[in-house]
Each structure stands twice: as C-alpha cells, then as structure tokens.
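Heads up, the thing below is written out as structure tokens.
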Amino acid sequence: MIEFRRFQNTDLPRLVRLWHQAGLGRGAAGGFGCDVFDDVVVAQTYFDRDGLIVAVDGTEVVGFAHAGFGPTRDESTLQFTDGVICMVIVHPAHRRRGIGRELVRRAEAYLRDRGATSIQAGASPGRDPFYCGIYGGAESSGLLESEPFAIPFFESMDYVPKTRRLILQRDLETKNDPVSLRLLNARRATRLDVPELTQPRTWWWQTRRGRLDSLDFALIPKSGGEPLAQVTVVGLDFYIPCWGTRAAGLVDLRVRPDARKKGFGQACLIEVCRHFRQEMISVVEAHVPADDTPALAVFACAGFSPVDSAVVYEKC
C-alpha cells in the first residue's frame, strides 16, 4: 500500500536514487550525490518539508512532488500567492497507478493552504525556487517537450499552456564563427571584459544562481563608456555525466537600447563563445521565449540552433 507523507531527512539518498532511475531525459543532470541535491534543494533557506511530498511503498520511495513559491517583485522574500509545482517524479515501475495524480493533488493543496491564488506546473524564470543547476539546463523554463510523460500528464489534470521557451545550443567544437560586415565592425570597436558589479545581487539570485559558478561578461567600447551588451554565464558541470561534455549556460542577455540592431548582441555572444572554447567548454546553451523574434534572431546569427523547448502550464 502506498503511503504519502512529508519529507524526512532519511529520504535524501532515496530521492537521489529515484532521480537517477526515473529517466528524466536530456534536461536532468545525472551522476551526482546527496550533497548536490541537498545544496540546491534541501539547504535552501525557504525549504519547507511539507512542500516535498513523498510516496512510499514499504521502505522504498517510489515518487515525490515538490511545490514552492516565487519571490516578491524586489526579490527580497517569497510571494505566497505564486505557487509552482517544481517537480513530480514517479518510479517507472510504479507509473499508471494514480501515484502521480495524488502527489499533484497534495502539492496543490499545500500551495493553496499557504495562500497561492495561481499554480503553475514547471518552474520558470522568476518562479523557480528549487533544482536550479540540476534540471532544465541553463535555466528553469518549464516542462521539457523532450520528456515524453510530463506534458500529457499535466494536461490530463486541467493544466493549460502559459508560456513556451526554445532551448538553443551552440557546439563550440565547430570553430566556424559567423561572419558579416556589421559583426566585423562591432567587434573592431569593442572588447570583452568582466565588469565589476554596480549593484548587489538580490536575495533571490543568491539563493539559486549564487550556489552555482557564474560570471558576468560585458562588451565594452574600446573608446570607453558603458557596456553595449552584457550576459551572465552559469556553469553546468552537473550535466557532464549525462551530456558527456563540459557545458555553460547563458542567461540574461542585455543590449543597451541605443546599441540594438547594430550587431553588438551577436558580437557579445560570439566573443563569450570564443572565450569558453579556450576553456575547453564544448557546448553553450541559452533559453529564449518562443515569441521573442528579435532575441531568437540574435542567437541564430551567433550560431545557436534549437535542441528542445519547454512549456510552463497553469492550473485552470
């Protein structure tokens, strides 16, 4: 008989084992131990064991669902109206028995009891309290379409699509960088630099990306002045065992308004890729909203192509 209960400390190695047995697809990191899971999930200051619901068959953990909340607008604390079901996993041998549905029902009840007025399935930027660095790749962008079970499962439970993001990658082992006259002019006029932070990171950033290796890069005019384009790079070393290569993620590409449509965003991406090619990184990944045509064009011109997509679902 299946028992549903809240997380206990002794569950940690069982959850990690279940993670590796569940066949979560290309978007899940692999080969890590309890220390990593503890760092990006259980050790979070806002971790609530009631939000991590475990399904147990005897002494075996056969499934779990994890629910949490996004931050306030200033990213200084949690916003309890914005609930998210970050993860639902059921062991392959125990699927199609109603375990996943019961886990989701209990996760929804947990969120509503604490004030959630909206519930989404799949963590997304700004609403991704857990699993940053071990699920989704460069960012948490929702339910991956490459994972065959998640999307139809949530659709059957009255969740509807809310947003969609394309997952783009560039293979750095291919050394043919894009070339154009506009790009050449942009590169001649700029240099890549690692700028000092002009303002402190928010509490929300520190709890998630602050736990990962990260670095900001900026494209600076050689004549001096403010950056024309900037991007943050996060390390994806937890993916080495399953991807078989070193990878890095690009997040928060920003191009100064007066520098747009002049090749500076593309130049920034290419220069960062060149830098990491020298660091023996083979793959660079970025997530871009599917309806952001200008951003998609910038990444395409920098040699990126789609490898997957992710959808955030919302409870009707």
Side chain proximity check, W204 to L78, heavy atoms < 4.5 angstrom: yes
Heavy-atom side-chain contact between E147 and L24 under 4.5 Å: yes
Geometric class of the F37/Y131 ring pair [parallel <30°, tilted 30-60°, perpendicular >60°]: perpendicular
Aromatic ring pairing W243/Y239, orientation class (parallel under 30°, perpendicular over 60°, tilted between): tilted
Sub-3.5 Å donor-acceptor pair from the side chain of [X] to the main-chain atoms of [Y], do we have one?
X    : Y    : answer
R254 : D252 : yes
K162 : A121 : no
S140 : G136 : no
D308 : S146 : yes
R277 : L172 : yes
D193 : P195 : no

Q206, CD atom: more than 12 neighbouring heavy atoms under 6.0 Å: yes
Pair H66 and F47, ring centroids less than 6.0 Å apart: yes
Check: F217 ring centre within less than 6.0 Å of F276 ring centre: yes
Residue pair Q79 / T81, side-chain donor-acceptor N/O under 3.5 Å: yes
Residue pair A43 / R211: nearest heavy atoms and the distance that separates them: O-NH2, 3.3 Å
If the threshold is 4.0 Å, N to carboxylate O, is there a salt bridge linking [X] and [Y]?
X    : Y    : value
R170 : D177 : yes
R201 : D216 : yes
R105 : E108 : no
R114 : D50  : yes
E285 : R26  : yes
R14  : E60  : no
R5   : D11  : yes
E145 : R164 : yes

Are [X] and [Y] connected in the hydrophobic side-chain network, where two residues link if heavy atoms are under 4.5 Å apart?
X    : Y    : value
F238 : I281 : no
V160 : I85  : no
W203 : V41  : yes

Residues T72, D74; criterion side-chain hydrogen bond (donor to acceptor under 3.5 Å, both in side chains); working and verdict: CA-CA 6 Å; T72 54; D74 64 359; 2.7 Å; yes
cation_pi(R256, F264) dist<6.0 Å, angle<=45: no
Pair F154-Y313, ring-ring contact (aromatic ring centres under 6.0 Å, His included): steps then yes or no: CA-CA 8 Å; F154 277 101; Y313 278 74; 7.5 Å; no
Listed partners of R101 passing salt bridge (charged side-chain N to carboxylate O under 4.0 Å, His left out), at least two apart: none
